Amino acid sequence: MTSTADSATPSAEPSESSSAPDRSIKVYTPPSNAPARVEMPESFYKLSPNEVKALYKSHVDRRENLENRPLKTQKIRNVEDQERMKKYPRTTIRVRLPDHIILQAQFDSKERVSDVYDFVRSTLTTPERKFLLCLPPRTKLVEPVLTLYKAGLAPASNVTFVWIDPPTSNASDMPNLTKEYLDKIEPFPSPAGSPASQSSASPASPSSSASASSSQQQQQQGGKKQIPKWLQKGLFKK
């Protein structure tokens with residue numbers, strides 16, 4: 001069974017890859033300072049008739065723009081896209097699952113949105129359930145034929161995972177990821193500016209201490225009231 005993205009849009013052709021790509025997979029526990037997840041109703045993620053029309057119109061507009069561009073063949077446009085993609089050859093995708101676990105993987109920027117769906121589906125304990133991937137706040141990734149570069153996912157993106165089908169009685173208590181990927185779980189890396197990283201910083205250098213003492217002296221000097229020279233001459237004039 002395919003995902004909602006596959007059922008709402010034309011099916012994607014298989015990507016050209018003869019060997020298994022290097023995904024550099026990481027599985028993280030949620031960060032301690034992560035904001036609370038706001039649960040949305042399932043209707044929020046389903047395509048409305050207006051969104052289906054807008055999706056169809058975007059396909060038509062894109063095709064018309066490609067056809068009406070003067071003096072550029074499809075081959076030339078493909079070459080230009082390849083040149084732009086050289087700036088971001090790889091794309092890192094972080095998928096936040098309903099249980100707040102973060103699944104991270106790397107893709108070639110020329111791979112398609114359908115490749116992300118296929119990868120995520122391969123990690124699930126219930127791959128037959130329909131799901132949807134969204135870019136915050138509610139941009140639905142429903143065009144499987146788009147490359148990651150054209151979908152705006154390069155060079156890195158955080159994606160929200162949403163179940164569309166309700167869980168079965170057997171799968172209600174099952175984890176989202178299979179044991180193979182749960183065994184890879186590790187703490188979420190702390191950012192460089194976090195208190196944990198600042199606590200391990202080296203003590204102040206002598207130069208910084210000297211500058212601090214000089215600034216204190218300047219403050220002390222500034223605290224004393226200085227009498228202008230012209231006033232001193234007037235006060236002490238006999």
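The chain is numbered in sequence order, starting from 1. In this text the structure is predicted, and so the values were computed from the model without any measurement.
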Hydrophobic cluster identity match, Val95 and Ile25, side-chain contacts under 4.5 Å: yes
Name all residues meeting the salt bridge (Lys or Arg N to Asp or Glu O under 4.0 Å) criterion together with Lys87; count only those two or more places apart in sequence or in a different chain, and write none if there are none. none
From Glu186 atom CD to Ile102 atom CD1, the distance as rounded to the nearest 0.5 Å: 11.0 Å
Find out whether Phe119 and Leu103 are in side-chain contact, i.e. whether some heavy atom of one side chain is under 4.5 Å from a heavy atom of the other. yes
What distance do Asp115 atom CG and Ile93 atom CD1 have between them, rounded to the nearest 0.5 Å? 11.0 Å
Could you check whether any side-chain N or O of Thr125 sits under 3.5 Å from a backbone N or O of Pro175, counting only pairs where one atom can act as donor and the other as acceptor? yes
Hey, what do you get for CH2 (Trp163) to CG (Leu132), rounding to the nearest 0.5 Å? 12.0 Å
Donor-acceptor pair, Arg112 side chain versus Leu146 backbone, under 3.5 Å? no
According to salt bridge (Lys or Arg N to Asp or Glu O under 4.0 Å), who are the partners of Lys110, at least two apart in sequence or on a separate chain? none
Can you sort out the partners of Lys75 under side-chain hydrogen bond (donor to acceptor under 3.5 Å, both in side chains), two or more places apart, ordered by chain and number? none
CG (Leu97) and CG (Asn176) are apart, to the nearest 0.5 Å, by 5.5 Å
Under the side-chain hydrogen bond (donor to acceptor under 3.5 Å, both in side chains) rule, collect the residues that match up with Lys150, sequence neighbours excluded. Asp81
Arg94 side chain near Val159 side chain, heavy-atom distance below 4.5 Å: no
Can you say whether the rings of Tyr117 and Phe131 are parallel (under 30°), tilted (30 to 60°) or perpendicular (over 60°)? parallel
For Arg23, which residues count as a salt bridge (Lys or Arg N to Asp or Glu O under 4.0 Å) partner, sequence neighbours excluded? Glu111
Contact check, side chains of Val116 and Leu133, non-hydrogen atoms, under 4.5 Å: yes
Got a sec, which residues hit side-chain hydrogen bond (donor to acceptor under 3.5 Å, both in side chains) with Ser109, two or more places apart in sequence or on another chain? Thr91
Return the minimal non-hydrogen interatomic distance between Arg129 and Pro166, and the atom names on each side. NH2-C, 3.7 Å
For the backbone of Lys130 and the side chain of Asp165, can you confirm whether one donor and one acceptor N or O come within less than 3.5 Å of each other? yes
Looking only at the aromatic ring of each residue, does the gap between the centers of Tyr88 and Tyr149 stay below 6.0 angstrom? no
Straight-line distance of Phe161 CZ to Ile101 CD1, nearest 0.5 Å: 12.0 Å
